[in-house]
Amino acid sequence: MRRPLQVTLLVLSGLGLLHASLFTDLCLRYVKPSMRPMLVVSGFLLILLGIAEAWSRRKADGGDDHAGHNHSKVPRVAWLLFLPALSLLFYAPPALGAYTASRAATKAVPVQDAFDPLPATSPLPITLTDFTTRVQQDRKRAIKGRTVQMTGFVTPDKGSTYWDLTRIMISCCAADAQSIKVRVYGIPALAANTWVTITGTWHASGTLGTSSARAALDGVTVEKVAKPVNAYQDALPFATPR
């Protein structure tokens, strides 16, 4: 690849990383927040490398009219390298959602022997992971009869009378995404990827407190909410609009 194109690609890639990680929250669509500083540093390094490459070419051109030049043609496939850099600047791919959740591996429920008492709050704010763990492992069945409240996005199941309230979680980046779902009955599904806070009670299926119990709700109310900035975590419900 000719030097001017190398310089342009390095600078564009650096600007794209800085745009996604320093000036916006786009990077949180693809990686954990803890990786953000590394992306910022990488962006600056790429720009510095581009500047250094341009400077070295300028010095070479000053000493020899042909120094630093490559008169060979640029392979057409090399132009594809510009697409990732430009996409970060002008059209960043969206975060993972219902399409991925319907195909991603289901996150294993962590084994838990002891559970803290549930607060008397009603409805009870709870994460999808905690709800699933209590439904399938809490032998005291503390979740029985409790009205709970959870936040996630809608993953429809075509042709079914139910849908899944979903969260996608990542360990490092979007490539290792796993989903956790709670099945919802009694409330029609909204459009795929709509973020909602739902209130309901455990939908009896199997034996509560054992692995035969399904993580499912009989929905009572559902409200649309804004998508969180960091969507790759199983957080407690946040405030719904009034």
Side-chain angles (χ1 to χ4, degrees), residues 94-112 115-170 177-228 230-242:
L96 303 181
Y99 178 85
T100 301
S102 63
R103 293 161 176 79
T106 302
K107 186 175 176 63
V109 179
V111 177
Q112 189 169 337
F115 293 85
D116 294 330
L118 290 173
T121 306
S122 185
L124 172 69
I126 194 169
T127 65
L128 277 67
T129 300
D130 193 18
F131 177 78
T132 301
T133 305
R134 286 182 177 274
V135 164
Q136 297 182 349
Q137 298 182 31
D138 185 4
R139 296 180 181 178
K140 294 183 179 180
R141 304 178 183 180
I143 209 75
K144 185 177 182 180
R146 294 297 303 271
T147 300
V148 298
Q149 188 176 65
M150 291 179 279
T151 293
F153 63 84
V154 176
T155 300
D157 193 318
K158 292 182 179 180
S160 301
T161 57
Y162 54 79
W163 51 277
D164 291 322
L165 183 70
T166 310
R167 286 276 192 166
I168 289 180
M169 287 167 285
I170 60 176
Q178 293 182 306
S179 64
I180 183 165
K181 305 173 185 175
V182 172
R183 186 153 291 178
V184 178
Y185 295 89
I187 293 180
L190 299 178
N193 296 312
T194 303
W195 279 83
V196 297
T197 291
I198 187 166
T199 302
T201 57
W202 178 64
H203 176 84
S205 177
T207 302
L208 191 61
T210 71
S211 58
S212 67
R214 179 181 290 278
L217 279 181
D218 285 319
V220 177
T221 63
V222 63
E223 292 187 68
K224 293 182 181 180
V225 294
K227 180 181 177 180
N230 181 12
Y232 297 133
Q233 59 178 347
D234 189 16
L236 288 171
F238 37 88
T240 58
R242 295 182 181 277

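Numbers for residues simply follow the sequence, beginning at 1. This one's a predicted model, so the numbers in the text were calculated from it and none came from an experiment.
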Trainee: Between atom CG of Leu96 and atom CG of Asn193, what is the distance when rounded to the nearest 0.5 Å?
Mentor: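 Going from the CG atom of Leu96 to the CG atom of Asn193 covers 10.0 Å.
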Trainee: What distance separates Asp138 CG from Lys144 NZ, expressed to the nearest 0.5 Å?
Mentor: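 Interatomic distance, Asp138 CG to Lys144 NZ, rounded to 0.5 Å: 12.5 Å.
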Trainee: Ala189 and Val154: which non-hydrogen atoms are nearest, and at how many Å?
Mentor: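 Heavy atoms only, the tightest pair is CB-CG1, 4.4 Å.
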Trainee: Once side-chain contact (heavy atoms from CB on, under 4.5 Å) is applied, do any residues pair with Val135, and if so which ones, sequence neighbours excluded?
Mentor: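 side-chain contact (heavy atoms from CB on, under 4.5 Å) check on Val135 returns Phe131, Ile143, Trp202, Leu208, Ala213.
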Trainee: So Pro110 and Thr129, do their side chains get closer than 4.5 Å, heavy atoms only?
Mentor: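 Yes, close enough: below the 4.5 Å cut-off.
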Trainee: Using the test side-chain contact (heavy atoms from CB on, under 4.5 Å), find all partners of Pro188 that sit at least two apart in sequence or belong to another chain.
Mentor: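 side-chain contact (heavy atoms from CB on, under 4.5 Å) check on Pro188 returns nothing, list empty.
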Trainee: Side chains of Thr161 and Trp163: does their closest heavy-atom pair fall under 4.5 Å?
Mentor: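 SC-SC contact between Thr161 and Trp163 ruled out.
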Trainee: Please report the shortest heavy-atom distance between Gln112 and Gln137, naming the atom on each side.
Mentor: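 Scanning both residues, the minimum pair turns out to be N-OE1, 2.6 Å.
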Trainee: Going from CD on Glu223 to CD1 on Ile198, what distance comes out if it is rounded to the nearest 0.5 angstrom?
Mentor: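 So the CD of Glu223 and the CD1 of Ile198 are separated by 11.0 Å.
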Trainee: List the residues meeting side-chain contact (heavy atoms from CB on, under 4.5 Å) with Lys107, not counting sequence neighbours, and say none if there are none.
Mentor: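 By the side-chain contact (heavy atoms from CB on, under 4.5 Å) rule, Lys107 matches Met169, Gln178.
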Trainee: Under 4.5 Å between any side-chain heavy atoms of Lys227 and Phe153, yes or no?
Mentor: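 They are not in side-chain contact.
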Trainee: Which of these, Thr197, Asp234, Leu217, sits in a side-chain contact (heavy atoms from CB on, under 4.5 Å) with Met150?
Mentor: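 Single side-chain contact (heavy atoms from CB on, under 4.5 Å) partner of Met150 among Thr197, Asp234, Leu217: Leu217.
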Trainee: Sequence neighbours left out, what passes side-chain contact (heavy atoms from CB on, under 4.5 Å) with Gln136? Give chain and number order.
Mentor: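 Here the qualifying residues are Val109, Thr132.
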Trainee: Any side-chain heavy-atom pair from Arg167 and Thr151 closer than 4.5 angstrom?
Mentor: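 SC-SC contact between Arg167 and Thr151 confirmed.
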Trainee: Could you grab the distance from atom CG of Leu124 to atom CD of Gln149, nearest 0.5 Å is fine?
Mentor: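 It is 9.0 Å, given to the nearest 0.5 Å.
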Trainee: Check whether more than 12 heavy atoms from other residues, nucleotides or ligands sit under 6.0 Å from atom CZ of Arg183, and answer yes or no.
Mentor: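 Enclosed.
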Trainee: Are any side-chain N or O atoms of Arg146 and backbone N or O atoms of Thr121, one a donor and one an acceptor, separated by less than 3.5 Å?
Mentor: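 Between the backbone of Thr121 and the side chain of Arg146 there is a qualifying donor-acceptor contact (under 3.5 Å).
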Trainee: Taking all non-hydrogen atoms of both residues into account, name the closest pair between Ala231 and Trp195 and its distance.
Mentor: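 Heavy atoms of Ala231 and Trp195 come nearest at CB-CZ2, 3.8 Å.
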Trainee: Apply side-chain contact (heavy atoms from CB on, under 4.5 Å) to residues Val196 and Leu190 and explain how you reach the verdict.
Mentor: CA-CA 9 Å; Val196 297; Leu190 299 178; 3.6 Å; yes
Trainee: Should we say atom CZ of Arg139 is surrounded by more than 12 heavy atoms from elsewhere, each under 6.0 Å from it?
Mentor: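 No - once you tally the heavy atoms of other residues, nucleotides and ligands closer than 6.0 Å, there are 12 at most.
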Trainee: Is any side-chain heavy atom of Leu118 closer than 4.5 Å to a side-chain heavy atom of Arg134?
Mentor: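 Yes - at least one pair of side-chain heavy atoms lies under 4.5 Å apart.
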Trainee: Could you pull out the closest heavy-atom pair between Ser179 and Ala101, with the gap in Å?
Mentor: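 Heavy-atom minimum between the residues: OG-O, 3.7 Å.
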Trainee: Quick one: CD1 on Ile168 to CD on Gln233, what's the gap to the nearest 0.5 Å?
Mentor: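 So the gap between those two atoms works out to 13.5 Å.
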Trainee: With sequence neighbours excluded, what pairs up with Ser212 under the side-chain hydrogen bond (donor to acceptor under 3.5 Å, both in side chains) test?
Mentor: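 Residues passing side-chain hydrogen bond (donor to acceptor under 3.5 Å, both in side chains) with Ser212: Thr210.
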Trainee: Does Tyr185 have any ring-ring contact (aromatic ring centres under 6.0 Å, His included) partners at least two apart in sequence or in another chain, and if so, which?
Mentor: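 Checked Tyr185 against ring-ring contact (aromatic ring centres under 6.0 Å, His included); matches are Tyr162, His203.
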